[in-house]
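Structure first, then comments.
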There are 2 protein chains.
Amino acid sequence: MQELLHPDLPFRLNGRLWIEGPTERFMGIGRLELLEKIDRLGSISRAAQEMQMSYKRAWDLVTSMNQQAREPLVSTQAGGKQGGGAVVTEAGQQMIREFTALQARFQAFLAEESRHLAQ
Amino acid sequence: MQELLHPDLPFRLNGRLWIEGPTERFMGIGRLELLEKIDRLGSISRAAQEMQMSYKRAWDLVTSMNQQAREPLVSTQAGGKQGGGAVVTEAGQQMIREFTALQARFQAFLAEESRHLAQ
DNA sequence: GGTCGTTATATTTTCTCAAACATAACGCTT
DNA sequence: AAGCGTTATGTTTGAGAAAATATAACGACC
């Protein structure tokens with residue numbers, strides 16, 4: 001493949017992986033990151049902020065995941081101490097672990113194919 | 001993973017793969033299809049038509065590929081018999097073969113991971 | 001009861017990408 | 001020379017997605 005690419009330009013193999021339901025996406029790299037940040041920060045709004053994402057978008061993503069999962073991945077509370085917050089449930093934790101692992105295998109696939117590509 | 005997904009909904013693992021240069025995409029599944037159709041039809045406009053794509057977009061994609069490749073993947077002629085046309089070069093043929101093979105390995109990866117996912 | 005920071009939700013605005021549209025140039029054919 | 005179908009290229013329009021904006025509800029805490 002290398003001999004087909006312009007010699008002066010750096011090329012890179014890249015890709016995306018996701019799980020989709022019948023009408024919308026269920027899980028992907030962006031949603032995974034959002035889950036991780038919610039887990040770490042205990043708040044959808046702070047997670048959104050850290051991802052440079054509007055709160056509404058983050059909230060919509062959480063709703064989409066919760067509705068498509070067997071049980072909610074994120075549990076929320078409006079009002080209460082510090083105004084409320086959000087916690088990643090045990091199901092959510094498991095989702096983080098499994099999709100992270102899948103993502104890692106995908107990265108390994110990309111790396112291996114990149115080797116092929118280069119030589 | 002199965003136990004995390006809503007039991008009433010059908011889920012599917014999906015993904016995309018592409019080769020990117022420093023500023024823009026170089027090769028992907030859409031560009032591959034375009035190359036194949038140009039090869040079969042001998043014309044950018046007819047290939048675009050068959051892909052439900054505007055001629056301009058198809059032409060822009062061809063230009064992008066040609067500029068990033070070591071040598072053009074598509075050779076064009078404006079004017080002449082039947083108004084002109086386009087042919088996929090030997091480099092283009094090779095690109096079709098190699099990216100198709102890569103794509104097949106990726107589909108195999110997805111299928112294997114889907115098995116994991118389901119059970 | 002008022003304040004605070006958060007979730008919850010609808011509406012409006014902005015951005016981005018592809019489509020649509022519009023011409024010109026090209027070179028065989030008649 | 002005119003016609004044809006194609007490549008070549010710029011400009012305008014449109015649709016969809018994301019951001020921005022706006023408000024309400026919530027519940028602990030002071």
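A note on names: the letters A, B, ... follow the listed sequences, proteins ahead of strands, and every chain is numbered from 1.
Panel note: side chain A:Ser45, backbone A:Tyr55; no donor-acceptor pair is recorded below 3.5 Å.
The shortest distance between side-chain heavy atoms of A:Gln103 and A:Ile29 falls below 4.5 Å. By the 4.5 Å heavy-atom criterion applied to side chains, B:Met95 and B:Phe26 are counted as neighbours. B:Glu36 places a side-chain heavy atom less than 4.5 Å from the side chain of B:Ile96. For the pair A:Phe109/B:Phe106, a side-chain contact is recorded, criterion being any heavy-atom separation below 4.5 Å from C-beta on.
B:Ile44 places its CD1 atom 17 Å from the P atom of C:dC26, with the value rounded to the nearest Å. Put simply, CD on B:Gln49 is 14 Å from P on C:dA19, counting in whole angstrom units. Note: CE (A:Met65) to C1' (C:dT7) measures 15 Å, nearest angstrom. When the C1' atom of C:dA19 is taken as reference, atom CZ of B:Arg57 falls 10 Å away, rounded to whole Å. Between B:Arg46 atom CZ and D:dT7 atom C1' the separation is 15 Å, expressed in whole Å. What separates CG of B:Leu61 from C1' of D:dT9 is a distance of 15 Å, to the nearest Å. Regarding A:Leu41, its CG atom lies at a distance of 15 Å from the C1' atom of C:dG5, rounded to whole Å.
With sequence neighbours excluded, the residues satisfying side-chain hydrogen bond (donor to acceptor under 3.5 Å, both in side chains) with A:Asp39 are A:Gln93. In this structure B:Arg70 satisfies the side-chain hydrogen bond (donor to acceptor under 3.5 Å, both in side chains) test with no other residue, sequence neighbours excluded.
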Side-chain donor-acceptor pairs under 3.5 Å in residues 75-83 of chain B, sequence neighbours left out?
residue: B:Gln77; atom: NE2; partner: B:Gly79; partner atom: O; Å: 3.2

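Of all the residues in residues 18-31 of chain B, not one reaches under 4.0 Å from DNA chain D with any non-hydrogen atom. Within residues 66-86 of chain A, the residues having any heavy atom under 4.0 Å from DNA chain D are, by residue number, A:Ala78, A:Gly79, A:Gly80, A:Lys81.
Look at B:Glu90 and B:Arg97 and you find a salt bridge, because one of the NZ, NE, NH1 or NH2 atoms lies within 4.0 Å of a carboxylate O, short of that distance. Between A:Arg25 and A:Glu20 there is no salt bridge, since none of the side-chain N atoms of the basic residue sits less than 4.0 Å from a carboxylate O of the acidic one.
The two residues B:Ile38 and B:Ile44 come nearest to each other via the heavy atoms CD1-CG1, 4.1 Å.
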(message) Return a single string for nucleotides 9-15 of chain C, one symbol per nucleotide in 5' to 3' order, where B is base contact, S is sugar-phosphate-only contact and - is none, cutoff 4.0 angstrom on heavy atoms.
(response) BBB----

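Distance from the side chain of B:Ser45 is smallest to D:dT6 among D:dA19, C:dA19, D:dT6.
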